[in-house]
Visitor: 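To start, I am sharing the structure in question, which I have written as C-alpha cells.
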Amino acid sequence: MAESIYPKLFTLMHSALFGVPFSESMTENEWQIMYEELSAQAVLSLPYDIAVQNPTIPSWLKSQWTRHTMSSVTAYYRVLHEQNELLNLLEEHQIPTAVLKGSTVAAYYPAPSYRAVGDIDFLVPASLYAQAISVLKENGYSIIKEEDLEIEYAKHTAFIKDQITIELHGRPFRVESRAGKTIEQYLFSVMDEGLQNKKYVLVDESKIPRLPTVQTCLELLLHMESHLKDGIGLKHIIDWMMFVHHELPDQVFEEVRPVLERAGLTVFAKIVTKISRIYLGLPDTSPNGKRISWYNDVNQGTCEAFMTYVLEQGNFGRKIAKYSEEERKSKGAKVIAQMHNPISFYRFLQEYGLRNWELARRNRFVRPFAWMYQVVKYFRILINGGYKNIMRQTIQKGKKRMKMFDGLELFK
C-alpha cells in the first residue's frame, strides 16, 4: 500500500524543501499512509507546514502531526543548547573540534528545526581523543558502555548527559574494503587537514564549527556507506541533496573529484545525487544560479535499485518489523550481501557478534570468536520457527542486493 503514495510523497517533499506549491489531491487514507511513511523515513516534520494547511487532511491527523512536530522542534533546541555547552567546554580546554552532520547539515534546510535530531557527533584530533574523553568524564558526561572503549573496531566513544547522547570521534569512519587501510590512511589525512581549516555556520543564532566542503562531502558519503547494511532512509538522502544543492555545483565538484576518485566514492556520490534529482526534484542550479549536472553519467538501473532499497528499509531499517518474516529475509539478505568482501563480511559478523554476545564483550579471550556466535545466530533465525521455506527467497534477495552494492562501486 505504501508504494502507491510514493509519487505524492516525493512531490510533497520537493514542495517543502524548495518552496514549490503542493497541488496534489489527497484522500484521508492517503494522508494516513503518507504520515506513516514519512515517520518511518524520519522526515515527518519537514513538510509539516504544507500538510496542516491542506484542506483535505483530517483534523485528528493534523493534531497528531502538530504534536509530533512540536516535540521534534523542542528536542532540536535542547540538543542545540547541549551542543553549545559542549563546544564551549572543549574550547576552554583548547581541544579543536567540528560538529559532524546534525546542525551543520540542518543549516541547508529552509527550516533547520524541522530536521529530526539524533545524537550529537563531534570530531576531535586523534592525538587529543584521550584528553577529550577525560574532559567529558570530569564534567558530568557518562560513558554509555565502558566496554565500548575496548571494542576493536569502535570509531567513537558514546556519552550521555541530560538524556542526550554525544558521540565523540577521534576518527569519523572506518573503511571496509580490500584496500581499506590504504584508503583509510589517505582519508584520515584529508579529514585532519579539514579540522585544521574548519569553517563556521550560523544556525538559529548558534555559531557552529564544521568541516570544509571536501571533508563534509566525505563525511556524509561515508556515513551513508557505514549504514548501508542497517538501512539508510530518506533522511540521509535529503541531507546529501541539500548539501549538494548549496555546496556542490559543477565547478566545486571538479575540485572535490580527485579526492572522491582516490577514495573510490565518485560513483556512489553520483548515484545518490541522481536519485535526489529523479525522485526528490533536486534543482539543476544552486541557490546562486550555478549549474549542477556532474552526476548524469551513472547507471539508471542502479539508481532505481538503490532507491527501492532506501524505501524498503526506512531510516536505520525501522520499516522492517521485528521478528517478522520480512525481517528474517532482510537480515539474511544483509548477511549474503556482505559476502562479496571477506574483510567487510568478517567485520560485519564480528561487530554484531560483540553486540549480541555479552561474554565476548567482557572476556578478551573469547572476544575474537564473536563472529562465530553471529554466524550461528543468523542460521538459527533463518531455519527456526518454520521459516525454512523462505531460504530461497532470502538468497535471491541477497543476490539482488549484492548486485546493487556492486553497482555503487564503493572504494574501487
Visitor: More than 12 foreign heavy atoms under 6.0 Å from CD of Q64: is that the case here?
Guide: yes
Visitor: Would a 4.5 Å heavy-atom cut-off, applied to side chains only, mark V73 and S45 as touching?
Guide: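 No, their side chains stay 4.5 Å or more apart.
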Visitor: Would you call D192-R171 a salt bridge at under 4.0 Å N-O?
Guide: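 Looking at R171 together with D192, the answer is yes, because their closest N to O distance falls below 4.0 Å.
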Visitor: For P112 and V203, work out which heavy atoms get closest and say how close.
Guide: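 Minimum heavy-atom contact is CB-CG1, 4.1 Å.
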Visitor: Would a distance-only check, ignoring hydrogens and angles, find a side-chain to backbone donor-acceptor pair under 3.5 Å from T308 to E304?
Guide: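 Yes; at least one donor-acceptor contact below 3.5 Å.
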Visitor: When you compare the side chains of E37 and Q41, does any donor N or O come within less than 3.5 Å of an acceptor on the partner?
Guide: yes
Visitor: Could you grab the distance from atom OG1 of T165 to atom OH of Y141, nearest 0.5 Å is fine?
Guide: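 Rounded to the nearest 0.5 Å, the OG1-OH separation comes out at 12.5 Å.
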Visitor: Check whether Y186 forms a cation-pi arrangement with R262 (NZ or CZ under 6.0 Å from the six-membered ring centre, at most 45° off the ring normal).
Guide: yes
Visitor: Answer yes if the side chains of Y129 and T157 hold a donor-acceptor pair under 3.5 Å, and no otherwise.
Guide: yes
Visitor: If you take all heavy atoms of P249 and I292, which pair is closest and at what distance?
Guide: CA-CG1, 3.9 Å
Visitor: With no hydrogens and no angle check, is any side-chain donor or acceptor of T302 less than 3.5 Å from a backbone partner on V298?
Guide: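 It does not hold such a pair.
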Visitor: Taking atom CD of Q196 and atom CD of Q215, what is their separation to the nearest 0.5 Å?
Guide: 10.0 Å
Visitor: Pairing donors with acceptors under 3.5 angstrom, does anything connect the side chains of S103 and Q83?
Guide: yes
Visitor: Under 4.5 Å between any side-chain heavy atoms of Y114 and V43, yes or no?
Guide: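 Sidechains of V43 and Y114: no contact.
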Visitor: Taking ring pair (Phe, Tyr, Trp, His ring centres under 6.0 Å) as the definition, give me every residue that meets it alongside F243, ordered by chain and number, with sequence neighbours left out.
Guide: W240
Visitor: CD1/I271 to CD1/I237 distance, rounded to the nearest 0.5 angstrom?
Guide: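 The distance works out to 10.5 Å.
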Visitor: Given L100 and F122, is the side-chain contact (heavy atoms from CB on, under 4.5 Å) satisfied, shown in steps?
Guide: CA-CA 6 Å; L100 303 175; F122 285 85; over 6 Å; no
Visitor: Picking from Y279, F22, F18, what satisfies ring pair (Phe, Tyr, Trp, His ring centres under 6.0 Å) with F10?
Guide: Y279
Visitor: Step through the shown structure and confirm whether more than 12 heavy atoms of other residues, nucleotides or ligands are within 6.0 Å of CD on Q163.
Guide: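 Counting other residues, nucleotides and ligands, CD of Q163 stays at 12 neighbours or fewer.
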Visitor: Check the pair Q94, L128 against side-chain contact (heavy atoms from CB on, under 4.5 Å), reporting the backbone distance first and the verdict last.
Guide: CA-CA 10 Å; Q94 299 182 328; L128 298 177; over 6 Å; no
Visitor: Taking the side chain as everything from C-beta on, heavy atoms only, tell me whether T97 gets closer than 4.5 Å to L86.
Guide: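 Side chain of T97 against side chain of L86, heavy atoms only: no contact under 4.5 Å found.
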Visitor: Would you say the side-chain atoms of K235 pair up with the backbone N or O of A116, donor to acceptor, closer than 3.5 Å?
Guide: yes
Visitor: Would you mind reporting whether Y373 and V366 have side-chain heavy atoms less than 4.5 Å apart?
Guide: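 Not in contact.
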Visitor: Do H169 and V124 make a side-chain contact, defined as non-hydrogen atoms from C-beta onward lying under 4.5 Å apart?
Guide: no
Visitor: For V244 and W294: C-alpha separation, side-chain torsions, deciding distance, then whether side-chain contact (heavy atoms from CB on, under 4.5 Å) applies.
Guide: CA-CA 11 Å; V244 168; W294 51 264; 4.1 Å; yes
Visitor: Side-chain contact test, heavy atoms from C-beta onward, threshold under 4.5 Å: evaluate it for L354 versus R367 and give yes or no.
Guide: yes
Visitor: Can you tell me if N54 uses its side chain to pair, donor with acceptor, with the backbone of I50 under 3.5 Å?
Guide: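 Answer holds: no.
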Visitor: Would you say the side-chain atoms of N288 and S286 include a donor-acceptor pair closer than 3.5 Å?
Guide: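 Result is yes, a qualifying pair exists.
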Visitor: Taking atom CD of E82 and atom CD1 of I166, what is their separation to the nearest 0.5 Å?
Guide: 5.0 Å
Visitor: Check G233 against V310 and note the closest heavy-atom contact, atom names and distance.
Guide: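 So the two residues come closest at C-CG1, 3.6 Å.
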Visitor: Could you go through the side-chain contact (heavy atoms from CB on, under 4.5 Å) check for E24 and L12 one step at a time?
Guide: CA-CA 8 Å; E24 297 281 349; L12 178 64; over 6 Å; no
Visitor: For Y295, is the NZ or CZ atom of K270 found under 6.0 angstrom from the centre of its six-membered ring and inside 45 degrees of the ring axis?
Guide: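 Here K270 fails the 6.0 Å and 45° test against Y295.
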Visitor: Do E167 and D121 have side chains that get closer than 4.5 Å, going by heavy atoms?
Guide: yes
Visitor: Between S15 (side chain) and T11 (backbone), is there a donor-acceptor pair under 3.5 Å?
Guide: yes
Visitor: Calculate, to the nearest 0.5 Å, the distance between atoms CG and CD1 belonging to L282 and I238 respectively.
Guide: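 It is 11.5 Å, given to the nearest 0.5 Å.
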Visitor: Taking R115 first and then D239, would you say they form a salt bridge - that is, a charged N and a carboxylate O separated by under 4.0 Å?
Guide: yes
Visitor: Using side chain to side chain donor-acceptor pair (under 3.5 Å) as the criterion, point out the one residue from H245, E247, H246 that pairs with Y108.
Guide: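 Among H245, E247, H246, the one that satisfies the side chain to side chain donor-acceptor pair (under 3.5 Å) with Y108 is E247.
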Visitor: When you measure from the side chain of H93 to the backbone of L89, do you find a donor-acceptor pair of N or O atoms at a distance under 3.5 Å?
Guide: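 The answer is yes, because a donor-acceptor pair under 3.5 Å joins these two groups.
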Visitor: How about Q313 and I232: do any of their side-chain heavy atoms sit closer than 4.5 Å?
Guide: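 They are not in contact (no side-chain heavy atoms under 4.5 Å apart), so the answer is no.
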Visitor: Just verifying a value: how many Å separate L228 CG and H236 NE2, rounded to the nearest 0.5 Å?
Guide: 9.5 Å
Visitor: Which residues pass the ring pair (Phe, Tyr, Trp, His ring centres under 6.0 Å) test with F369, not counting sequence neighbours?
Guide: none
Visitor: Which pair of heavy atoms, one from L123 and one from L195, lies closest together, and at what distance?
Guide: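 Nearest heavy atoms, L123 then L195: O-CD1, 3.9 Å.
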Visitor: When you check the side-chain N and O atoms of T66 and Y48, is any donor under 3.5 Å from an acceptor?
Guide: yes
Visitor: Any idea which heavy atoms bring A132 and I95 closest together, and the distance?
Guide: CA-CD1, 3.8 Å
Visitor: Determine yes or no for a side-chain-to-main-chain donor-acceptor pair under 3.5 angstrom, with S206 supplying the side chain and L202 the backbone.
Guide: no
Visitor: Do you know which two heavy atoms are closest between V79 and G118, and how far apart they sit?
Guide: CG2-O, 4.3 Å
Visitor: For K161 and N139, indicate whether the former's side chain and the latter's backbone hold a donor-acceptor pair under 3.5 Å.
Guide: yes
Visitor: Quick one: does any side-chain atom of R78 pair with a main-chain N or O of D162 as donor and acceptor, under 3.5 Å?
Guide: yes
